[in-house]
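Heads up, the thing below is written out as structure tokens.
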Amino acid sequence: MTSLFALVDCNNFYASCERVFQPQLNGKPIVVLSNNDGCVIARSNEAKACGIQMGAPLFEIKDAIAFHGIHVFSSNYELYGDMSRRVVLVLSEYSPHVEVYSIDESFLDLGNFLDVDIEKYARAIWERVPRATGIPVAVGVARTKTLAKLANRVAKKSKKANGMLVLTDPKHIEAALKATEIGDVWGIGRRYARKLSQFGVNTAYDLTRQTDSFIKKHLTILGLRTVKELRGEPCLDLETMPPAKQNICTSRSFGEALTELSDIEEALSTHAVRCAFKLRKQKSCAMAFTVFLETSRFGQDSQMYFNSRTVRLDSPSSSELVILPAALEALRVIFREGFRYKKTGVIVSGICPANQVQQSLFEPDTRQRDSNLMKTLDGLRERYGFKSVFYGVQGTSGKWQMQNSNLSPCYTTKLKDLLKAN
DNA sequence: TCTGGGGTCCTAGGACCC
DNA sequence: TCTGGGGTCCTAGGACCC
């Protein structure tokens with residue numbers, strides 16, 4: 001029995017989502033910006049052709065935007081999240097085992113599809129997803145996940161493949177490995193790419209020719225796994241049930257620099273509430289959390305400051321009534337007058353399943369009461385949005401709120417949007 | 001003036017224990 | 001004077017992913 005994986009990757013996903021609802025932008029250059037309209041996180045092919053780089057700060061490309069008439073969007077994660085669900089729904093028609101790897105990528109298990117012409121099958125997926133959702137995709141198929149990733153890349157780049165490639169023939173695999181730069185291999189980042197090139201290892205093919213001990217020494221056992229996968233030996237399984245997260249971080253940069261503690265408290269309390277909500281959503285409790293506060297990391301004139309404080313809880317909790325006041329207390333400890341702050345956030349850690357939590361002996365049992373209240377609050381939030389109920393400390397000044405001046409409407413989830421406005 | 005927000009895992013080294 | 005060896009836990013730092 002041989003394994004077979006397909007990697008389906010949405011092309012320029014965020015840009016494609018925007019285009020589904022503004023088809024007049026087909027063929028036009030589009031970029032989508034990060035939170036706070038900071039830098040470019042998605043580009044249509046036309047924008048790439050204009051020379052816009054991934055991660056480019058908006059202020060650096062203002063001229064290019066004007067010159068080429070590039071359409072600019074703030075990121076709209078509600079829209080992208082909903083489009084992503086639609087794509088996954090279509091994919092699940094093609095395999096009983098789908099791993100949603102990220103918002104725009106899924107692995108499909110095509111092993112045991114014995115009587116199926118895989119070439120035809122992959123092409124069917126490639127055609128069907130855009131027809132059903134409006135989102136164009138690339139499909140790469142191979143014996144290991146890492147090779148499927150590589151096949152997907154080649155499928156996108158090669159004119160001949162035109163967005164779909166089944167990479168199982170050894171001769172084709174070798175050619176693909178030779179055509180793939182080391183830094184484009186899944187699992188090899190910038191640092192490793194630089195290090196490897198010093199040893200004369202420049203392509204994925206070069207990498208497969210190294211000894212295991214060399215790889216393990218310089219790239220740890222994770223790198224060795226990558227190399228084995230490139231050689232065709234499956235080391236990674238499909239993960240259809242994502243494990244509960246071990247850390248959950250909620251943070252945002254402020255729309256503008258803040259100096260007042262009370263403004264920062266509004267932001268942090270909002271993040272703390274959201275973070276506790278995420279924790280409850282995955283049915284977990286946390287043993288500890290960290291609050292951090294920082295100035296801009298880029299400022300030259302103003303002084304930089306970063307500080308964090310970790311708080312251990314007496315017993316694991318997911319209650320806002322526990323986390324929120326303690327988070328604010330931690331913030332007041334690390335806050336210093338006289339800095340221009342740019343970001344704050346909270347990270348919960350030491351996560352365990354909620355049903356395994358033991359009551360602390362010396363604590364009054366407020367757990368049940370809290371849990372009932374949280375259930376009620378979460379119900380309201382899911383139905384009417386996060387603005388429907390909030391604590392006084394979260395405030396209404398919203399001075400910390402992000403900039404998103406080019407936000408598109410939530411086309412697919414509008415009802416929720418309307419309810420939120422009330 | 002303006003530079004995102006999430007996550008994962010591994011390794012090395014120190015503290016501490018028997 | 002001799003002053004081993006093995007284990008666990010924790011943390012910081014460094015790498016990676018989207």
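Basis for what follows: all heavy atoms, side chains included, without hydrogens, waters or symmetry-related copies. Note on naming: letters A, B, ... go to the chains in the order of the sequence lines (proteins, then strands), and numbering restarts at 1 for each one.
- In this structure a side-chain-to-backbone donor-acceptor pair under 3.5 Å is missing from A:D82 to A:L79.
- Sequence order on DNA chain B of the closest nucleotides to A:I221 and A:I41 puts A:I41 first from the 5' end.
- Within a heavy-atom distance below 4.0 Å of DNA chain B, the residues of residues 329-343 of chain A found are A:K342, A:K343.
- Bounding nucleotides for the chain A contact on DNA chain C, 5' to 3', at a heavy-atom distance below 4.0 Å, are C:dT11 to C:dC18.
- Geometrically, A:R309 does not engage A:F292 in a cation-pi contact, judged by NZ or CZ lying under 6.0 Å from the ring centre and within 45° of the ring axis.
- Ring geometry for A:F214 against A:H218 counts as tilted: the plane angle lies between 30° and 60°, on a 0 to 90° scale.
- Across A:R383, A:R280, A:K281, a single residue satisfies salt bridge (Lys or Arg N to Asp or Glu O under 4.0 Å) together with A:D378, and that is A:R280.
- For the residue pair A:T290/A:T310, the side-chain donor-acceptor check at 3.5 Å is satisfied.
- We find that A:K342 and A:E256 are not joined by a salt bridge, their nearest charged nitrogen and carboxylate oxygen being 4.0 Å or further apart.
- If you look at A:Y121 and A:W126, their ring centroids are not closer than 6.0 Å.
- Taking the charged nitrogens against the carboxylate oxygens, A:R231 and A:D212 do have a contact shorter than 4.0 Å, which makes a salt bridge.
- Side-chain rings of A:F73 and A:Y14 stay apart, their centers remaining 6.0 Å or farther from each other.
- Among residues at least two apart or in separate chains, ring pair (Phe, Tyr, Trp, His ring centres under 6.0 Å) pairs with a member in residues 387-406 of chain A are A:H271-A:W400.
- Residues of residues 181-209 of chain A that place a heavy atom closer than 4.0 Å to DNA chain B do not occur.
- Looking at A:R143, its side chain does come within 3.5 Å of a backbone N or O of A:S3 through a donor-acceptor pair.
- Defined by atom type and a distance below 3.5 Å, a donor-acceptor pair is missing between the side-chain atoms of A:Q403 and A:S405.
- Stem analysis of DNA chain C (at least three stacked-register Watson-Crick or G-U pairs, each with both distances under 3.5 Å) gives B:5-18 with C:5-18.
- For residues 240-279 of chain A, proximity to DNA chain B is found at A:K245, A:Q246, A:N247, A:I248, A:C249, A:T250, A:S251, A:R252, A:S253, A:K278, defined as any non-hydrogen atom under 4.0 angstrom from a strand atom.
- Among the protein residues, A:L222 comes within range of the sugar-phosphate backbone only, with heavy atoms under 4.0 Å from sugar or phosphate atoms but none that close to a base.
- A:D37 comes within 4.0 angstrom of nothing in the nucleic acid, heavy atoms only.
- In summary, the side chains of A:D37 and A:N404 do not present any donor paired with an acceptor at a separation below 3.5 Å, with no hydrogens or angles considered.
- Between the side chains of A:N76 and A:S408, at least one donor N or O lies within less than 3.5 Å of an accepting N or O.
- For the residue pair A:E78/A:T413, the side-chain donor-acceptor check at 3.5 Å is satisfied.
- No engagement by A:N36 is indicated, since no non-hydrogen atom pair under 4.0 Å with the nucleic acid exists.
- Within 4.0 Å of A:E105, counting heavy atoms only, lie sugar-phosphate atoms of the nucleic acid but no base atom.
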